[in-house]
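Since the structure comes first, as structure tokens, the remarks are kept for the end.
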Amino acid sequence: MIPDNSIPWSGKHAMEAYEQSHLYRLRHSAAHLMAQALTELYPGVKLAIGPPIENGFYYDVDPPEPIREEDLPRIEKRMKELAKLDMRIERKVAADRDEARRIILEETTLGQGEETALYKLQLLDAIPEGEEVSFFDQQRFTNGKLRRFIDLCRGPHIETTKDIKHFKLMSIAGASWRGDVKNKQLTRIYGTAFETQEELDAYLHMLEEAKKRDHRLLGRELSLFMFSPRVGPGLALWLPKGAVLRETMTDFLRKEQLKRGYDPVITPQIASIKLYEKSGHILTFKEKLFPFMEDEEKETYILKPMNCPFHIEIYQSQMRSYRDLPIRYAEFGTVHRYEQSGEVTGILRARGFTQDDAHLFVTPDQLQDEFIGVVELMQTVLRKLGLTDFRARVGTKDPASSKYVGHDDNWQAATEAITKACDAMGLDYFVSPGDAAFYGPKLDLIIKDALGRDWQMGTVQVDYNLPERFDLEYIGEDSKPHRPIMIHRAPFGSLERMIGLLTEQYAGAFPFWLSPVQIAILPIADRHVEAAEALSQRLKDTLFDSRPLRVQVDARRETLGKKIRDNQGQKVPYMLILGDRDIEEGTVGVRSREQGDLGAMTVDAFLGSLPA
RNA sequence: GCCGGCGUAGCUCAGUGGUAGAGCAGCUGUUUCGUAAACAGCAGGUCACCGGUUCGAAUCCGGUCGCCGGCUCCA
């Protein structure tokens, strides 16, 4: 998390408070100021939208010539000049639509040609009839020249440009007009603004600090995973330390699932395309698939992008009775999705990843309880991982969209099951219309990474569609066939994404149970190495969380200070120092990652002090 | 995929048209050391790749690949 002292990001109320704040208005006005600078520096530039956002503001523009990063300083400079003019920012309301149109065409274009109003006119058309249309106007006559900027805008703004003092333009990106890639791509310029220089500096400093927690950096420094161009983009190689961490997490969840009546299943990496034709994924998922494979008999196979159809095949392999339900098939299933080249981000967004997947086949009567059971498991997982900074989102159907499948009463039942389960669990969630899967509503956990980006982690989805497509049945008490409901769920989401996020949350200093190396033994001199190896073996024979303790002896011929420094850098939770005194007295010198030197104690005392 | 940026040793980075450098890591030797970097030496690069300009290219130009920020999409 970026510890942003200006806006606590989590929680709906915090966001609402931000939108009411002076800072929010300041940033909005900074966006306008930037637009004014752009109209002066790039005559004919077409302006689109320029809102304040969580950590600053942006403006989307369509410039007559490309804007590059090296242009930002002179845009900033022009903004500073303009700000000093002390232009009053005045709100004006158009009397009617015709006047609004006239203002856009005659005034906001500032004599640069009506075509510069292209996007503003479209925005005007999107404002519902009868709603007030307002403009914000800032101007100053200076040195025989009128400097003016007027923009179609809902506001609110601050009163004068001279209060826009502490800002910085951050970056340039392409952004589609109205978020649709089929539309023209505009140039988006990001900036940030604060009330004081200290806050701006603090924010920039925080960004620098956040970069140090980037999982891609720590993944390399701690030897967790790697990528190789010879393997391919987005295809991670797990190094021994990352792999053991991952196994530890998998072990933990596997046990929790066994306790809750899940049955493990294992399915192949590829399948005939027919399977995905049947599931319908071939239509909705086509552009996400790796290129197809064809065998000598001209049968087409695809690398699996998801596990559900396989689990359905297993369900369908025999007659099911209502007495068999619920059936819970669990698989740590590795899937491959051909993510667009620009969207691959370390292990947070990879092309191959492993879902902690399971599919529950339930009767309508069981839906509610099973959903609660899944939410309970997710809470257990979050607690164990020590994650508290997350948001729970209930994705429901967007009533205006036609992309969904299934009957309305099913949707309503499923949505109710989800919200009731969340209420019953006391989960603090928000409802987000339009964020449902196309086949059903879902509950997602959203977590931010070090750079403040949202990632969807764990998910629970209610599905009426696949049972329908595969014609799934169970025989009910009435001896008649009935259709089961499926729940798709993944508490971690994917091992890759969760480990990436955990790495950033903990800045690489994983809790003891997860640390790849839990204990480093540091013999002081060569003559202590033998005792160190013996101690190492003794610890490895000790179970922690029913796994052998992970111990490493640092037998390098380095000074103790050097060994401590290196193992601290590797974020090893405990170092056990072994020298003449210890061997004589039957103790070890214990040093903790967090608290430093804890003094000498017996190995038993040390083991007894380990976190439960 | 699109917009913008970056690519020099395993890592972090110097090097603006004239014989490729530093620190750390690695290896060798010396040191055997009690709580955050012992000392010395050695080795290590097709300057991402391909093409062009030039007497001469890490450096200038074009293309490709990879990575980073964003858009779109997602676990």
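Residue numbers begin at 1 in each chain, while the letters A, B, ... track the order of the sequences.
No engagement by A:Asp357 is indicated, since no non-hydrogen atom pair under 4.0 Å with the nucleic acid exists. Within 4.0 Å (heavy atoms only), A:Arg581 reaches at least one base atom of the nucleic acid. Base engagement by A:Gln568 is indicated by at least one non-hydrogen atom pair under 4.0 Å involving a base atom.
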Using the salt bridge (charged side-chain N to carboxylate O under 4.0 Å, His left out) rule, take A:Glu504 and A:Lys448 through it: C-alpha gap first, then chi angles, then the decisive distance, then the call.
-> CA-CA 9 Å; A:Glu504 303 197 346; A:Lys448 281 187 189 274; over 6 Å; no

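Put simply, CD1 on A:Ile189 is 13 Å from P on B:G5, counting in whole angstrom units. B:G34 atom P lies 7 Å from atom CD1 of A:Ile524, rounded to whole Å. Between A:Asp526 atom CG and B:G29 atom P there is a gap of 13 Å when expressed in whole angstrom units. Rounded to a whole Å, the CG atom of A:Asp60 is 15 Å from the P atom of B:C3.
With A:Arg27 contributing its side chain and A:Glu54 its backbone, the two residues share a donor-acceptor pair below 3.5 Å. Remark: the backbone N or O of A:Ala525 is paired with a side-chain donor or acceptor of A:His528 at under 3.5 angstrom. Side-chain atoms of A:Arg78 do not come within 3.5 Å of backbone N or O of A:Met34 as any donor-acceptor pair.
Only the P atoms considered, B:A40 is 24 Å distant from B:G45, to the nearest whole Å. Taking the P atoms as reference points, B:A37 lies 41 Å from B:G18, given to the whole Å. The same atom, C1', is picked in B:G15 and in B:C47; the two are 11 Å apart, to the nearest Å. Taking atom P in both B:A25 and B:G17, the straight-line distance is 34 Å, to the nearest Å. For B:A14 and B:A9, the C1' atoms lie 13 Å apart once the distance is rounded to whole Å. Using atom C1' as the reference point in both B:G63 and B:U19, the two lie 30 Å apart (nearest Å). Rounded to whole Å, the separation between the P atoms of B:G10 and B:U46 comes to 9 Å. Between B:G5 and B:C11, the distance separating the two P atoms is 25 Å to the nearest Å.
Listed by residue number, the members of residues 583-598 of chain A with any heavy atom below 4.0 angstrom from RNA chain B are A:Gly589, A:Arg591, A:Asp597.
Partners of A:His28 under the ring pair (Phe, Tyr, Trp, His ring centres under 6.0 Å) rule, at least two apart in sequence or in another chain, are A:His32, A:His157. With sequence neighbours left out, A:Glu558 forms a salt bridge (Lys or Arg N to Asp or Glu O under 4.0 Å) with no residue at all. Qualifying ring pair (Phe, Tyr, Trp, His ring centres under 6.0 Å) partners for A:Tyr58, counting only residues two or more places apart in sequence or in other chains: A:Tyr190. With sequence neighbours left out, the salt bridge (Lys or Arg N to Asp or Glu O under 4.0 Å) criterion links A:Arg328 to A:Glu370.
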Both distances under 3.5 Å, Watson-Crick or G-U wobble: on that basis, could you give the dot-bracket string for RNA chain B, with [ ] for crossing pairs and | for other-strand partners?
-> (((((((..((((....[..)))).(((((.......))))).....(((((..]....))))))))))))....

Taking distance alone, no hydrogens or angles, what donor-acceptor pairs closer than 3.5 Å link side-chain atoms of residues 437-446 of chain A to residues at least two apart or in another chain?
| unit_1 | atom_1 | unit_2 | atom_2 | d |
| --- | --- | --- | --- | --- |
| A:Tyr439 | OH | A:Gln461 | OE1 | 2.2 |
| A:Lys442 | NZ | A:Asp444 | OD2 | 3.3 |
| A:Asp444 | OD1 | A:Gln456 | NE2 | 3.3 |
| A:Asp444 | OD1 | A:Thr459 | OG1 | 2.6 |
| A:Asp444 | OD2 | A:Arg393 | NH2 | 2.9 |

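For the atom pair CD (A:Glu247) and CG (A:Asp251), the distance works out to 7.0 Å, reported to the nearest 0.5 Å. Remark: A:Ile189 CD1 to A:Ile75 CD1 distance equals 4.5 Å, nearest 0.5 Å.
The list of salt bridge (Lys or Arg N to Asp or Glu O under 4.0 Å) pairs with a residue in residues 559-588 of chain A, not counting sequence neighbours, reads A:Arg527-A:Asp580, A:Arg556-A:Asp566, A:Lys562-A:Asp566. Applying the salt bridge (Lys or Arg N to Asp or Glu O under 4.0 Å) rule to pairs touching residues 63-76 of chain A yields A:Arg68-A:Glu70, sequence neighbours excluded.
Among all heavy-atom pairs drawn from A:His359 and A:Asn307, the shortest one is CE1-C, 4.1 Å. Minimum interatomic distance between A:Val590 and A:Tyr574 (heavy atoms only, all atoms of both residues): CG1-CD2, 4.2 Å. Annotation for A:Asp554 and A:Pro523: closest pair O-CD, 3.2 Å, computed over non-hydrogen atoms.
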Expected string for nucleotides 65-75 of chain B under the B/S/- scheme (protein heavy atoms, under 4.0 Å, primed atoms plus P, OP1, OP2 as sugar-phosphate) is -SSSBBBBBBB

Contact letters for nucleotides 8-15 of chain B, in which S counts primed atoms plus P, OP1 and OP2 and B counts the base, heavy atoms under 4.0 Å | ---SS---

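Interface remark: the A:Asp582 side chain does form a donor-acceptor pair with the B:G34 base, using a distance-only criterion of under 3.5 Å.
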Can you tabulate the close N/O pairs, meaning under 3.5 Å, that link protein atoms to atoms of nucleotides 37-42 of chain B?
| unit_1 | atom_1 | unit_2 | atom_2 | d |
| --- | --- | --- | --- | --- |
| B:A37 | N7 | A:Arg565 | NE | 3.4 |
| B:A37 | N7 | A:Arg565 | NH1 | 3.1 |
| B:A37 | N7 | A:Arg565 | NH2 | 3.1 |
| B:A37 | N6 | A:Arg565 | NH2 | 2.6 |
| B:A38 | OP2 | A:Thr559 | OG1 | 2.3 |

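Between the side chains of A:Thr380 and A:Glu256, no donor-acceptor pair is found at a separation under 3.5 Å.
Two residues, A:Arg556 and A:Ile564, neighbour RNA chain B, and the one matched to the more 5' nucleotide by heavy-atom proximity is A:Arg556.
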